[in-house]
Structures are given as structure tokens and as C-alpha cells.
Student: 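Below you will find the structure I want to go over with you.
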Amino acid sequence: MTTIHPPIIEPKFQVERIPYVDLAQQHALIKSEILAAISEVLDSGQFILGEQVSEFERQFAEMCGVRYAVGVNSGTDALIFALKALGIRSGDEVITAPNSFIASATCIRVLGAKPVFVDVRDDYNIDPDKIAAAITSKTKAILPVHLTGRPCDMEPILELAKEKGLYVVEDAAQAVLAEYKGRRVGSFGTIGGFSLHPLKTLNACGDGGVLTTNDPELYDKLKIMRNIGLRTRDDCVMWSHNSRLDTMQAAILLVKLRYLESWTQQRRQNACYYQARLAGIEQVKLPLEKEHEKCAYHTFVIQAERREELRQFLGERGIGTSVHYPVPIHFSTVGKELGYGEDSFPVTERQANLILSLPVNQGLTEEQLERVCDSIQAFYGSN
């Protein structure tokens with residue numbers, strides 16, 4: 001699941017911009033370390049599946065609390081390979097949520113299978129209580145999406161999957177370091193899929209993705225699949241395509257792994273600031289964690305009355321925002337072929353008109369956070 005760039009609203013006032021995301025600032029702070037890592041790869045000449053790839057995979061697996069990780073060239077490919085490795089094919093059905101980025105459904109459809117949607121709860125994640133009714137004889141897997149970096153309610157999902165003999169593939173594209181009941185996402189399902197897109201908290205300088213699993217046979221299969229089906233240089237054992245994580249990107253990611261915990265903690269602190277300052281605004285609904293959750297806050301999504309007016313108001317004051325996502329998948333041009341109509345998923349459809357993502361990245365200052373909150377309070381206080 002890859003985040004899209006929001007439309008730009010030009011500021012009316014002469015104020016310092018608060019960008020929704022500031023990748024230049026993030027990289028300026030660690031530029032010397034990144035350049036040193038790149039230089040090391042250049043000197044080695046090992047640009048494809050070099051030692052930095054295997055080291056990144058080792059560290060990523062350890063961080064997630066799993067035995068294995070496999071680097072690929074995008075989060076979308078991670079999910080495609082996960083389903084393909086489990087034998088999902090034409091005629092099968094996979095249950096997922098309709099409010100995610102299109103890639104969560106694309107990974108199912110490109111294999112010829114059918115995405116079957118189930119509505120979400122108020123936390124934007126799939127409602128476990130509604131999954132059983134969507135299961136048919138064609139259902140082969142459940143693909144919960146840890147949207148916004150908040151973990152899904154995995155316990156009932158896993159129990160149902162075990163009862164029905166279904167695979168669970170976690171779409172953890174937005175949720176690196178998120179935790180559910182003390183365990184990190186990507187460690188619950190048969191396979192987990194992560195994105196390393198530039199807008200993610202753990203981000204490559206380009207595209208990238210990771211798969212996680214505890215199954216040694218799946219691990220071996222995934223490594224072959226991402227490398228054009230090659231078991232060795234001269235022995236191709238399956239038809240597949242090229243989806244290797246570049247050594248250069250792995251080297252950059254190894255640098256960023258050293259900062260990931262602190263970056264995530266800063267995002268959590270920013271979220272706490274918003275929750276404290278915006279709590280009294282009745283027109284705004286805030287994301288609040290439960291005791292057993294630890295949200296990574298890839299996005300900080302509020303539900304706001306008069307969302308578009310608020311967004312315009314903030315944009316005119318130089319405050320960047322985004323909407324993740326304004327069009328539910330079943331309303332998209334390609335999604336219409338799935339046959340869902342209006343009111344098929346009332347929670348998703350209601351939220352799509354209210355959700356607004358505020359800046360939450362780790363580079364924000366308290367002064368900037370204060371400006372965001374003051375502006376939101378001013379909008380609702382004067383309208």
C-alpha cells in the first residue's frame with residue numbers, strides 16, 4: 001500500500017510552510033551516513049543481492065520477531081508474492097478491506113483472484129465480526145490491512161482463519177513497528193508484507209518492500225520467486241519475475257534502521273500532542289489507542305466535519321494535509337467491476353467524506369504542531 005501525494009493548496013498568508021512530509025529535511029540529518037553507505041556499495045561492485053541485502057533482511061526479521069525476511073522491489077510485489085506463494089490463483093477469493101490504497105486489492109486481482117470486501121470499524125481496520133459472513137467455498141485467505149500504522153484486531157481474525165482453514169496475509173505496508181498485545185505486526189499471519197516507499201517511516205530512496213514469515217519452505221520459495229525463479233544461477237525452477245531489493249537501497253535502509261525506533265517514538269509523541277490539544281473540539285474525532293495497541297502513526301487521521309473547508313483553511317495557512325483515501329476501492333474505476341454499489345460498506349463510505357491526515361512526521365517541531373492545532377481550533381471556533 002503506497003501513499004499518494006496530496007494536492008497542493010497555495011498559502012494565502014506569508015508564513016513558514018508546514019509540509020505534510022519533508023523528505024529533504026529527513027535526509028539532511030543523516031546524509032553523511034547515507035553517502036558513506038552508498039560509497040561502500042560502489043566500491044564493492046555488488047549491486048544485486050549484495051551482503052547488505054541479507055544483513056538488512058536479518059535485522060528486519062529480528063525487529064519484527066520472525067525467523068525470516070525477504071527484500072523485494074515494492075510493497076505491492078511483497079503482497080503479490082505472498083499470495084502467489086500460498087497458491088492463490090484465478091477463481092479464488094481473498095477477503096480484505098475496501099478503504100485501503102488500491103494495491104491491497106491489486107495484489108489479489110492480478111493473480112486472477114477476487115477481492116471480497118468487508119467493512120471496517122471506527123479505527124479504519126477490518127471488522128473481524130463481519131468476516132465470517134463473507135467466507136465462501138472459494139475463500140482462500142484473509143488479508144487484513146494495518147491501516148494508518150494501527151494494528152488490526154488480529155486475535156479473532158486468526159481464530160476464524162484457523163477454524164476455516166484459511167491463510168492470513170498481513171498488509172503491514174504502513175505499520176512497521178506497530179504492536180498488538182506485545183507482538184509486532186508482520187509476525188501474526190502466514191506471511192506479512194511491508195512497503196519501503198519513500199513516504200513510509202522506514203523508507204528507501206526509491207521503491208522497496210519486505211516479506212516476513214516463520215515458515216522455512218515459504219522463505220525459500222519467496223527468495224526464488226523474487227529472483228526470476230532461479231534456484232542457482234543456471235537453474236530456473238519456476239516462472240517468475242525480477243523483484244529484487246537493490247543492494248544500494250538495502251545499504252541506505254540499514255542506516256535508517258538505526259533511527260527507526262526514535263523516529264517512531266517522535267511520531268507517537270506528535271500524536272499525543274494532537275490528542276491533547278484537539279480533544280475538546282466536538283467537530284473532530286481523534287484516533288485513540290486501546291491498551292493492547294501500539295500505533296506507529298504512519299498517518300494521523302482525524303474525522304472532521306466540513307473536511308474540505310478545513311483542509312482549504314489549513315492550506316491557505318501553509319499547513320499541508322492529505323486524505324488517505326478519498327475514494328473507497330469499490331468506487332474506483334477498476335473497483336466497479338467487483339459489483340459493489342453504494343451503501344455496501346457504510347462505515348468506509350462515511351469515513352471517506354470525513355477523514356483528514358495531519359502532518360505527523362518526526363521532523364515536526366512543537367511550534368509547528370502548535371500552529372496546526374491553533375489553526376484547527378480557529379477554524380471551528382470562528383465558523
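Worth knowing before you read on, the calculation uses all heavy atoms, side chains too, and leaves out hydrogens, waters and symmetry mates.
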Student: Check whether Arg311 reaches the backbone of Gly315 with its side chain - one donor and one acceptor, N or O, closer than 3.5 Å.
Tutor: no
Student: Considering only heavy atoms from C-beta outward, does the side chain of His241 approach that of Met225 to under 4.5 Å?
Tutor: no
Student: With distance as the sole test, does Glu349 use its side chain to make a donor-acceptor pair with the main-chain N or O of Phe345 at under 3.5 Å?
Tutor: yes
Student: In terms of ring plane angle, is the pair Phe101 and Tyr325 parallel, tilted or perpendicular, where the classes change at 30° and 60°?
Tutor: tilted
Student: Atom CG of Asp153 and atom CG of Asn125: how far apart are they, to the nearest 0.5 Å?
Tutor: 9.0 Å
Student: Calculate, to the nearest 0.5 Å, the distance between atoms CG and OH belonging to Leu211 and Tyr68 respectively.
Tutor: 14.5 Å
Student: Checking Asp343 side chain against Pro346 main chain: does a donor-acceptor pair fall under 3.5 Å?
Tutor: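 Absent.
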Student: Would you give the length of the straight line joining atom OH of Tyr380 to atom CG of Leu310, rounded to the nearest 0.5 angstrom?
Tutor: 4.5 Å
Student: Please name the residue in the list Lys256, Arg184, Lys294 that meets the salt bridge (charged side-chain N to carboxylate O under 4.0 Å, His left out) test with Glu261.
Tutor: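 Result: among Lys256, Arg184, Lys294, Arg184 is the only option passing the salt bridge (charged side-chain N to carboxylate O under 4.0 Å, His left out) with Glu261.
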Student: Does any non-hydrogen side-chain atom of His27 lie less than 4.5 Å from one of Lys31?
Tutor: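 No, side chains not in contact.
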Student: Can you tell which of Glu366, Glu367, Gln368, Gln362 makes a side chain to side chain contact (heavy atoms under 4.5 Å, CB included) with Leu364?
Tutor: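 Of the listed residues Glu366, Glu367, Gln368, Gln362, the side chain to side chain contact (heavy atoms under 4.5 Å, CB included) partner of Leu364 is Gln368.
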Student: Between atom CD of Gln26 and atom OG1 of Thr201, what is the distance when rounded to the nearest 0.5 Å?
Tutor: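 Here the rounded value is 8.5 Å.
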Student: Report the distance from atom CG of Leu166 to atom CG of Leu143, rounding to the nearest 0.5 Å.
Tutor: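 One gets 12.5 Å once the value is rounded to the nearest 0.5 Å.
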Student: Using the six-membered ring of Phe188, assess whether NZ or CZ of Arg183 lies under 6.0 Å from its centre and within 45 degrees of the ring axis.
Tutor: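 Yes.
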Student: Aromatic rings Tyr340 and Phe117: how do their planes relate, parallel, tilted or perpendicular, breaks at 30° and 60°?
Tutor: tilted
Student: Once you measure the plane-to-plane angle for Phe56 and Phe60, does it fall in the parallel (<30°), tilted (30-60°) or perpendicular (>60°) bin?
Tutor: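 Correct class here is tilted.
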